4 protein chains.
Amino acid sequence: MERELLNKHGQKMGRKGLIMRKRIMDAALGLIRDASYKDLTVAEVASEASTSTSTFYVYFSDIEDVLFACVEEADQDLNQIMDVLSQDWCAENRAEKVSEFVDAYMKIWKKHSVELRVRNQEADQGNPRFLQYRLESTRDIIESLEQKVAQARPDTDNPLSLALVLFTSMERLAGVNYRAIGQTRISRKKLNNAMKELWLMLLSGSGNSV
Amino acid sequence: MERELLNKHGQKMGRKGLIMRKRIMDAALGLIRDASYKDLTVAEVASEASTSTSTFYVYFSDIEDVLFACVEEADQDLNQIMDVLSQDWCAENRAEKVSEFVDAYMKIWKKHSVELRVRNQEADQGNPRFLQYRLESTRDIIESLEQKVAQARPDTDNPLSLALVLFTSMERLAGVNYRAIGQTRISRKKLNNAMKELWLMLLSGSGNSV
Amino acid sequence: MERELLNKHGQKMGRKGLIMRKRIMDAALGLIRDASYKDLTVAEVASEASTSTSTFYVYFSDIEDVLFACVEEADQDLNQIMDVLSQDWCAENRAEKVSEFVDAYMKIWKKHSVELRVRNQEADQGNPRFLQYRLESTRDIIESLEQKVAQARPDTDNPLSLALVLFTSMERLAGVNYRAIGQTRISRKKLNNAMKELWLMLLSGSGNSV
Amino acid sequence: MERELLNKHGQKMGRKGLIMRKRIMDAALGLIRDASYKDLTVAEVASEASTSTSTFYVYFSDIEDVLFACVEEADQDLNQIMDVLSQDWCAENRAEKVSEFVDAYMKIWKKHSVELRVRNQEADQGNPRFLQYRLESTRDIIESLEQKVAQARPDTDNPLSLALVLFTSMERLAGVNYRAIGQTRISRKKLNNAMKELWLMLLSGSGNSV
DNA sequence: GATGAATGAGAATTCATTCAT
DNA sequence: TATGAATGAATTCTCATTCAT
């Protein structure tokens, strides 16, 4: 476990320290919920957390550092997803399991949409720290999905790509405020249903190959 | 007809002015090709364009402003996409048309990946200018895809959502450096094929409903 | 006559040139009517005059230069004041003449309040060009008023100071937007009457000496 | 009780902070004692105070802000004036009290001539912050003078205007470097005497009405 | 005469970061 | 632990000014 419970001064963090650290993280998240994190400053975060910038530096080395901590924290919830995925999806319960999977995934993202938007944007722009983290954090999920596709469509030669296409869509639709898509005729619920439908289509093994 | 050709000083732009404006846009794009645009500065752009920051401000009001101009310019290429989409896709040529569509879309994104990554990230973060622009710029494409889905699957009640799910994926996979996905076992080509396969699956009308 | 009708390029000004010059002056005045002239810029003036900064420099060397030209122009109206002052004020017509004088002075200032506020502020802050100009432009008026005081109060030993005190007040009250005094219970008319009353008091020779 | 002692970073100001703030104010005043404040820059002030511009911005938001603080501070001395004015001026001591009043007023203005010149110029140009401040800061004085005029001349219908005319003159003559008047034949002393003489004339109740 | 175009120079402003208490 | 205080180092931004057409 990497978190040694030390602050940036190398001191062991006590109860107060942990509380302050959390307060700073929450302040940062709150500030970027409805705004770009591009312009987030240490002073802003400190002020939002009702503390001083000096205190900020006791717990984090810079803005990226807090954000990464937030992503790490959010990621722990993501592990639950594997509960559904590690089960066996047979033809009989497939529809149900797909539904469970999509719902669970969407629910978690909704709770942590800010953190995961940060993770994806940083990773997409090539930030190595976040790139690596995303890789590790999605590896199991993606592999599991790949297997399910391979199992459902033994004939296909790139189950990974097929899984990735839908997974990518799911991640993005989950993380983005759906008003941001600018379509007034859709709702999150309809999108989720479409998502499920496409997974089912893919996993039911029907459809033409190219 | 573009808007009045005035620079930020209210002067009509002549030949020299238009050239300088373009030079600055190119400099900006060049600088963020392999890096985040988060930290792009006016000074950097001006220097890359071998001019002064003052000159920068003759043509753009800030960094966002140049980037938006770049997006606007890139977007003009996107219109070509409608050539394929405005045709009729019947069962006979469907595979061919899907392939054309995906290839054309991916090709354009490859050429303008920087601009469109900027557009999407800004829009995803709620920047209204980019949000509005993306909405307008993708409206026709999305509507057209929706129609094709509706035609292929008359039974479905939300063709729009189904189209959006795949379109979203396509956009993201196109804009992102595929190394950023962190999967070494896939290639752009494989992803494109999977993309086509999924569109075909959707448009061939087979598969279960939820 | 110093105005040689040459522009800053040493060219003789033709009709068009004179018109443009005037247009720039008017633009400058218009811009500072309700605002401080401290922040007036060449670009603003040029834009307000619907021309370019380059053209500005054909006629004026800098902002102070236009403002000085405006003051010079306004000052020509001030000469009229001497009409009333050069007359003889005897006991019989004194009230009438004082009234004429105050009214005339106030009227002119009202018309040129912007120019004269500039003149006084610059002079008050020690700007030599405006200081010298004000000195010359008020000399005759002040001397004339001094004489009238001396005549009315032969016993006083500093008629100049007495005249200056009231003249100073008159200048300031005339130049300042009376709302700026922040008293809602007074009007310009009441102030003018008080002004006349005080001049009469002074010139009627009554009152105690210190 | 002044307003909350917070600097522009929202920190409580301690001893050191208050000293630095004062040092910056003094630097600003020193720099404009013999020059226009129009061109005063943050860089200049910071340098004169032997600190950095960043430090300047810890305590003030811009040049106007320091100057306003200076005016506020100077204004506290002005309260003394009310000592003389709140007394009763009867016929017997009137000459003495007028003399005291004018001398006291002039003395204070001499000490704070820079601050008060700034206050008046900004207010005269319509700067709301200074306008409001001047209004409040002179209200008591003006009202008191009005009462004395009303008492001395029960017949007059606008004691306020009469008081304002002389008060205005006093303020301006006090704040302006008297060389700026450009009259070599007068001295501050003579002007003060004339000032007193006119107040006495007004308050002795003699003289004609218009 | 007029005006696009370009820029040097400097001013304002921000911000991360350190240090002493 | 926490935080006032101070600042270096950029960065943004403005403006007067010049030049070529």
Side-chain angles (χ1 to χ4, degrees), chain A residues 7 9 11 13-17 19-21 39-46 50-63, chain B residues 5-21 39-46 51-59 61-63, chain C residues 7 9 11 13-17 19-21 39-46 50-63, chain D residues 5-21 39-46 51-59 61-63:
Chain A
N7 66 24
H9 289 0
Q11 303 166 315
M13 276 189 280
R15 197 175 51 83
K16 279 180 70 183
I19 289 173
M20 177 62 92
R21 191 182 126 100
D39 309 309
L40 191 64
T41 68
V42 173
E44 258 183 301
V45 174
S50 306
T51 186
S52 63
T53 59
S54 333
T55 302
F56 177 95
Y57 285 100
V58 174
Y59 297 100
F60 303 100
S61 52
D62 50 33
I63 286 289
Chain B
L5 296 170
L6 297 180
N7 64 26
K8 300 283 166 181
H9 286 10
Q11 302 171 317
K12 277 176 225 134
M13 273 191 281
R15 195 177 50 81
K16 283 179 73 184
L18 288 167
I19 289 173
M20 177 61 92
R21 192 183 124 100
D39 308 310
L40 191 64
T41 69
V42 172
E44 259 182 300
V45 174
T51 185
S52 60
T53 59
S54 349
T55 302
F56 176 96
Y57 285 101
V58 173
Y59 297 100
S61 47
D62 49 33
I63 286 289
Chain C
N7 67 24
H9 289 350
Q11 305 166 315
M13 277 189 279
R15 196 175 53 81
K16 278 179 71 182
I19 288 174
M20 178 60 92
R21 192 182 125 99
D39 308 310
L40 192 65
T41 68
V42 172
E44 259 183 300
V45 174
S50 305
T51 185
S52 62
T53 60
S54 334
T55 303
F56 176 96
Y57 285 100
V58 175
Y59 299 100
F60 302 99
S61 51
D62 51 32
I63 286 288
Chain D
L5 297 171
L6 297 180
N7 65 25
K8 300 282 164 181
H9 286 12
Q11 301 171 316
K12 277 176 226 134
M13 274 191 281
R15 196 177 51 83
K16 283 179 73 183
L18 287 168
I19 289 173
M20 177 61 93
R21 192 183 125 100
D39 308 309
L40 190 64
T41 69
V42 172
E44 260 182 300
V45 174
T51 185
S52 61
T53 60
S54 349
T55 301
F56 176 95
Y57 284 101
V58 173
Y59 298 99
S61 48
D62 50 33
I63 286 289

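Quantities reported herein were computed from a predicted structural model and do not represent experimental measurements. First the proteins, then the strands, lettered A, B, ... as listed; each starts at 1.
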Practice item. State, with a plain yes or no, whether a side-chain heavy atom of V58(D) is found less than 4.5 Å away from one of H9(D). Key: yes
Revision key, fill the gap. Sorted by position of nearest nucleotide on DNA chain F, 5' first, the leading residue of R15(D) and T53(C) is R15(D)
Point to revise | Interatomic spacing from CD1 in I63(C) to CD in E44(C) - rounded to 0.5 Å | key: 8.0 Å
Practice item. Remember a base hit wins even if backbone is also touched, and classify S50(A) as base, sugar-phosphate or nothing at under 4.0 Å, heavy atoms. Key: nothing
Review point. Among the nucleotides dG4(F), dT7(F), dT14(F), which one has an atom lying closest to any side-chain atom of S54(D)?
Key: dT7(F)
Exercise for review: Let me have DNA chain E in dot-bracket notation, would you? Count Watson-Crick plus G-U wobble pairs, both distances under 3.5 Å, and use [ ] for pairs crossing earlier ones and | for inter-strand partners.
Suggested key: .||||||||||||||||||||
**Study point:** Nearest-angstrom distance from the residue atom CD1 of I63(B) to P of dT11(F)
**Key:** 11 Å
Review point. S61(A): what forms a side chain to side chain donor-acceptor pair (under 3.5 Å) with it, not counting sequence neighbours?
Key: D65(A)
Point to revise | DNA chain E: 5'-proximal contact among T51(B) and G10(B) (nearest heavy atom) | key: G10(B)
**Study point:** Any L6(D) side-chain heavy atom under 4.5 Å of Q11(D) side chain
**Key:** no
Point to revise | Nucleotides bounding contact with chain A, strand DNA chain E, heavy-atom threshold 4.0 Å | key: dC15(E) to dC19(E)
Check your understanding: Roughly how many Å is it from CG in D62(C) to P in dT14(F), rounded to a whole number?
Key -> 21 Å
Exercise for review: State the OG1-CG distance between T41(A) and D62(A), to the nearest 0.5 angstrom.
Suggested key: 12.5 Å
**Study point:** Per T55(D) side chain, nearest of listed nucleotides dT1(F), dT7(F), dC13(F)
**Key:** dT7(F)
Study note, to complete from the structure: Ranking D39(A) and K16(C) by the position along DNA chain E of their nearest nucleotide, the one closer to 5' is K16(C)
Point to revise | Touch class at under 4.0 angstrom, heavy-atom based, for F60(C) against every strand present | key: nothing
Check your understanding: In Å and rounded to the nearest 0.5 Å, what is the CZ to CZ distance from R21(D) to F56(D)?
Key -> 10.5 Å
Check your understanding: Quick one: Y57(A) OH to dT1(F) C1', roughly how many Å, whole number?
Key -> 18 Å
Review point. How close or far is atom C1' of dC15(F) from atom NE2 of H9(B), stated in whole angstroms?
Key: 9 Å
**Study point:** Residue whose closest nucleotide on DNA chain F lies nearer the 5' end, S61(B) versus Q11(D)
**Key:** Q11(D)
Review point. Do the non-hydrogen side-chain atoms of Y59(B) and M13(B) ever get within less than 4.5 Å of each other?
Key: yes
Exercise for review: Decide yes or no for V45(A) and F60(A): does some side-chain heavy atom of the first lie under 4.5 Å from some side-chain heavy atom of the second?
Suggested key: no
Check your understanding: Which part of the nucleic acid does F56(A) contact within heavy-atom distance under 4.0 Å: base, sugar-phosphate only, or nothing?
Key -> nothing
Check your understanding: Would you say the side chain of L5(B) lies within less than 4.5 Å of the side chain of K12(B), judging by non-hydrogen atoms?
Key -> no
Study note, to complete from the structure: Side-chain contact check for M20(A): nearest option of dT3(F), dC13(F), dA9(F) is dT3(F)
